[in-house]
Amino acid sequence: YWTDRGDDTVNRAAIESPPGTTAASRTDREILIRGVREAIGVTLDLEHGKLYFTGGTAGRVGMANLDGSQVVDLLTGSAGLTGIAVVELR
């Protein structure tokens, strides 16, 4: 999973490139979420099947399922966001 600030997306792909491809030529990248202005942070909550992401310019914190479905904005309008982490208190 990664964010791409150039095309404002959250993406995923296998760590290893398919045989015969390079990082630049692989075609197995899945774009999960589009329109995340200046997408810059992503973290996974595997236990709950969620991903969280940030968009720096719009001050956006969002959540979605690991497949990119059911996108929900948790926070918007808080400028200057970069990384993100999930912490579970027990």
S.K.: Sorted by first residue and then second, give each salt bridge (Lys or Arg N to Asp or Glu O under 4.0 Å) pair with at least one member in residues 68-81; sequence neighbours left out.
M.R.: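 Every salt bridge (Lys or Arg N to Asp or Glu O under 4.0 Å) pair that includes a residue of residues 68-81, provided the two are not neighbours, is Arg60-Asp73.
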S.K.: Could you go through Glu30 and Tyr1, starting from their C-alpha distance and side-chain angles, then the distance that decides it, and tell me whether this counts as side-chain contact (heavy atoms from CB on, under 4.5 Å)?
M.R.: CA-CA 9 Å; Glu30 291 180 73; Tyr1 289 79; over 6 Å; no
S.K.: Go through it in stages, so that I can follow the logic: the residues are Ile84 and Phe53, the test is side-chain contact (heavy atoms from CB on, under 4.5 Å), and I'd like the CA-CA distance, side-chain angles, deciding distance and then a yes or no.
M.R.: CA-CA 7 Å; Ile84 188 168; Phe53 60 91; 6.0 Å; no
S.K.: Between the main-chain N or O of Ala13 and the side-chain N or O of Asp28, is there a donor-acceptor pair closer than 3.5 Å?
M.R.: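 Between the backbone of Ala13 and the side chain of Asp28 there is no qualifying donor-acceptor contact (under 3.5 Å).
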S.K.: With the 4.5 Å side-chain cut-off for hydrophobic clustering, are Val36 and Val71 part of the same group?
M.R.: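 Yes: a chain of side-chain contacts under 4.5 Å links Val36 to Val71.
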S.K.: For the atom pair CD1 (Ile33) and CG (Asn11), what is the distance rounded to the nearest 0.5 Å?
M.R.: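 Reported to 0.5 Å precision, the distance equals 9.5 Å.
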S.K.: So does Arg26 have more than 12 non-hydrogen atoms from other groups sitting under 6.0 Å from CZ?
M.R.: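 Count over threshold, so yes.
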S.K.: Would you find a donor on one side and an acceptor on the other, under 3.5 Å apart, between the side chain of Thr54 and the backbone of Gly41?
M.R.: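 Judged by distance alone, yes, a pair lies under 3.5 Å.
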S.K.: Please answer: with hydrophobic residues joined when any side-chain heavy atoms are less than 4.5 Å apart, are Met63 and Leu81 in the same cluster?
M.R.: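 Yes.
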S.K.: Can Trp2 be reached from Leu32 by stepping across I, L, V, M, F, W or Y side chains whose heavy atoms are under 4.5 Å apart?
M.R.: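 No, separate clusters.
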S.K.: For the hydrophobic clusters of this structure (ILVMFWY residues joined by side-chain heavy atoms under 4.5 Å, transitively), does one cluster hold both Leu75 and Val86?
M.R.: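 Yes.
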S.K.: Just verifying a value: how many Å separate Thr3 OG1 and Leu51 CG, rounded to the nearest 0.5 Å?
M.R.: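 If we round to the nearest 0.5 Å, Thr3:OG1 and Leu51:CG are 11.0 Å apart.
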S.K.: Going from CG on Asp4 to CZ on Arg29, what distance comes out if it is rounded to the nearest 0.5 angstrom?
M.R.: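 The CZ atom of Arg29 is 5.5 Å from CG of Asp4, to the nearest 0.5 Å.
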S.K.: Quick one, Val72 and Lys50 - any side-chain contact, counting heavy atoms below 4.5 Å?
M.R.: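 Sidechains of Lys50 and Val72: no contact.
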S.K.: Using the side-chain contact (heavy atoms from CB on, under 4.5 Å) rule, take Tyr52 and Asp45 through it: C-alpha gap first, then chi angles, then the decisive distance, then the call.
M.R.: CA-CA 8 Å; Tyr52 296 85; Asp45 179 356; 4.0 Å; yes
S.K.: Check whether Asn65 reaches the backbone of Gly68 with its side chain - one donor and one acceptor, N or O, closer than 3.5 Å.
M.R.: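 No: the side chain of Asn65 does not pair with the backbone of Gly68.
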S.K.: Could you tell me whether the side chain of Arg12 and the main chain of Leu66 form a donor-acceptor pair under 3.5 Å?
M.R.: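 Side chain of Arg12 to backbone of Leu66, a donor-acceptor pair under 3.5 Å: yes, one is there.
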